[in-house]
Participant: 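Take this structure first; my questions come after.
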Amino acid sequence: MKNRPSWCNYFLKIAQLVSQRSTCLRRKVGAVIVKENQILSTGYNGAPKNVKHCSEVGCLRKKMNVPSGERHELCRGVHAEQNAIIQAAVNGVSVKNGVMYCTHHPCSICAKMIINAELKKIYIADGYPDKLAKEMFEAAGVEVLQCPEKN
């Protein structure tokens with residue numbers, strides 16, 4: 001029998017696949033929300049429904065040379081983590097006590113949503129330069145982890 005990926009790596013690989021739908025010009029991010037090893041919702045970063053994507057109209061933050069992790073309000077996109085939470089809400093699915101798997105560490109805006117959605121744990125593949133997000137997760141008791149093993 002071939003080695004199977006751990007649940008952690010399995011869901012992170014799905015998040016990476018989801019990120020390929022992103023229309024962001026700066027960073028492609030994917031998120032998957034899971035409870036009891038069942039996928040509840042997915043999300044990727046891109047413009048809201050019925051709004052032109054950055055890939056069509058350009059990136060204001062890029063044009064203004066805004067550093068990564070700053071001035072999120074200038075971005076027309078909805079973050080992957082936000083979209084995963086929103087999609088669950090639209091479909092009437094509770095994410096309370098769920099686990100999020102995300103290609104990158106969430107920003108402070110997403111951290112606030114994750115905390116209030118009562119997600120308790122996040123597995124990430126890569127970091128993100130947002131000190132406030134890390135501080136809020138710690139204060140709220142939300143664990144941010146990387147998979148213990150690589151598959």
Side-chain angles (χ1 to χ4, degrees), residues 3-55 59 61 66 68-151:
N3 287 342
R4 294 168 50 182
S6 66
W7 284 113
C8 185
N9 281 300
Y10 173 73
F11 292 123
L12 272 178
K13 286 178 182 183
I14 292 172
Q16 289 167 341
L17 179 62
V18 170
S19 76
Q20 293 176 19
R21 291 276 309 153
S22 171
T23 57
C24 180
L25 300 173
R26 293 180 71 161
R27 184 186 315 262
K28 296 191 179 303
V29 180
V32 178
I33 301 175
V34 173
K35 195 184 295 185
E36 297 176 9
N37 292 330
Q38 296 295 311
I39 295 173
L40 302 178
S41 183
T42 66
Y44 54 88
N45 54 331
K49 292 178 182 177
N50 303 314
V51 174
K52 287 188 177 187
H53 294 282
C54 299
S55 57
C59 175
R61 292 176 73 229
V66 175
S68 184
E70 296 179 17
R71 305 287 317 268
H72 297 290
E73 74 279 5
L74 296 175
C75 180
R76 68 189 295 110
V78 180
H79 289 187
E81 303 91 329
Q82 296 167 349
N83 272 325
I85 292 168
I86 291 165
Q87 276 307 119
V90 165
N91 291 306
V93 176
S94 173
V95 298
K96 183 177 181 175
N97 297 318
V99 177
M100 181 176 279
Y101 295 83
C102 197
T103 57
H104 295 79
H105 191 288
C107 72
S108 57
I109 295 168
C110 291
K112 292 180 237 180
M113 290 183 70
I114 289 164
I115 292 165
N116 280 356
E118 299 185 33
L119 293 165
K120 299 301 179 193
K121 194 178 289 189
I122 304 166
Y123 285 96
I124 61 168
D126 289 312
Y128 187 72
D130 194 325
K131 184 179 173 186
L132 180 57
K134 293 173 185 164
E135 290 171 358
M136 286 192 296
F137 282 141
E138 188 174 307
V142 176
E143 290 184 87
V144 180
L145 308 159
Q146 292 192 309
C147 290
E149 67 291 317
K150 298 284 181 192
N151 285 64

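Since this is a predicted model, take the numbers as computed values, not measurements.
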Participant: Determine which pairs satisfy side chain to side chain donor-acceptor pair (under 3.5 Å) with at least one residue from residues 19-34, sequence neighbours left out, and list them in order.
Facilitator: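 Qualifying pairs: Arg21-Tyr44, Ser22-Asn45, Thr23-His53, Arg27-Ser68.
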Participant: As an exercise, state the distance from CD1 of Ile124 to CG of Leu145, rounded to the nearest 0.5 Å.
Facilitator: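 Reported value, rounded in 0.5 Å steps: 8.5 Å.
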Participant: Could you tell me if the side chain of Ile122 sits less than 4.5 Å from the side chain of Val99, heavy atoms only?
Facilitator: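 Val99 does not reach Ile122 side chain to side chain.
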Participant: Are any non-hydrogen side-chain atoms of Ile14 and Ile39 less than 4.5 angstrom apart?
Facilitator: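 In contact.
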Participant: Which donor-acceptor pairs under 3.5 Å do side chains of residues 102-118 form with protein atoms, sequence neighbours excluded?
Facilitator:
from, atom 1, to, atom 2, distance (Å)
Thr103, OG1, Gly30, N, 3.1
Ser108, OG, Asp130, OD2, 3.4

Participant: Could you tell me which non-hydrogen atom of Val95 sits nearest to which non-hydrogen atom of Leu40, and how far apart they are?
Facilitator: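 The answer is CA-CD1, 4.2 Å.
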Participant: Can you list every ring pair (Phe, Tyr, Trp, His ring centres under 6.0 Å) pair that touches residues 20-43, not counting sequence neighbours?
Facilitator: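 Listed once each, the pairs would be none.
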Participant: Please report the C-alpha distance between Val66 and Leu74 in whole Å, then the side-chain angles of each, then the deciding distance to 0.1 Å, and finally whether the side-chain contact (heavy atoms from CB on, under 4.5 Å) criterion is met.
Facilitator: CA-CA 9 Å; Val66 175; Leu74 296 175; 4.1 Å; yes
Participant: Checking Cys8 now: which residues fulfil disulfide (SG to SG under 2.5 Å) with it, not counting sequence neighbours?
Facilitator: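 Applying disulfide (SG to SG under 2.5 Å) to Cys8 gives Cys147.
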Participant: Measuring from Arg4:CZ to Asn9:CG, what's the distance to the nearest 0.5 Å?
Facilitator: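 So the gap between those two atoms works out to 13.0 Å.
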Participant: Enter the distance from Ser41:OG to Asn91:CG here, rounded to the nearest 0.5 Å.
Facilitator: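 Taking OG in Ser41 and CG in Asn91, the distance rounds to 7.0 Å.
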Participant: Could you give the distance from CE (Met100) to OG1 (Thr42), rounded to the nearest 0.5 Å?
Facilitator: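 Result: 10.5 Å between the selected atoms.
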Participant: Run the ring pair (Phe, Tyr, Trp, His ring centres under 6.0 Å) test against Phe11 and tell me which residues pass, sequence neighbours left out.
Facilitator: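 Expected list: Trp7, Tyr101.
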Participant: Go through the steps for Ile86 and Val78 under the test side-chain contact (heavy atoms from CB on, under 4.5 Å), then give the verdict.
Facilitator: CA-CA 10 Å; Ile86 291 165; Val78 180; 4.2 Å; yes
Participant: Can you pull the side chain to side chain donor-acceptor pair (under 3.5 Å) pairs that have at least one residue in residues 75-87, sequence neighbours excluded?
Facilitator: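 Of all non-adjacent pairs touching residues 75-87, none passes side chain to side chain donor-acceptor pair (under 3.5 Å).
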Participant: Donor-acceptor pairs under 3.5 angstrom involving side-chain atoms of residues 131-144: please list them, not counting sequence neighbours.
Facilitator:
none

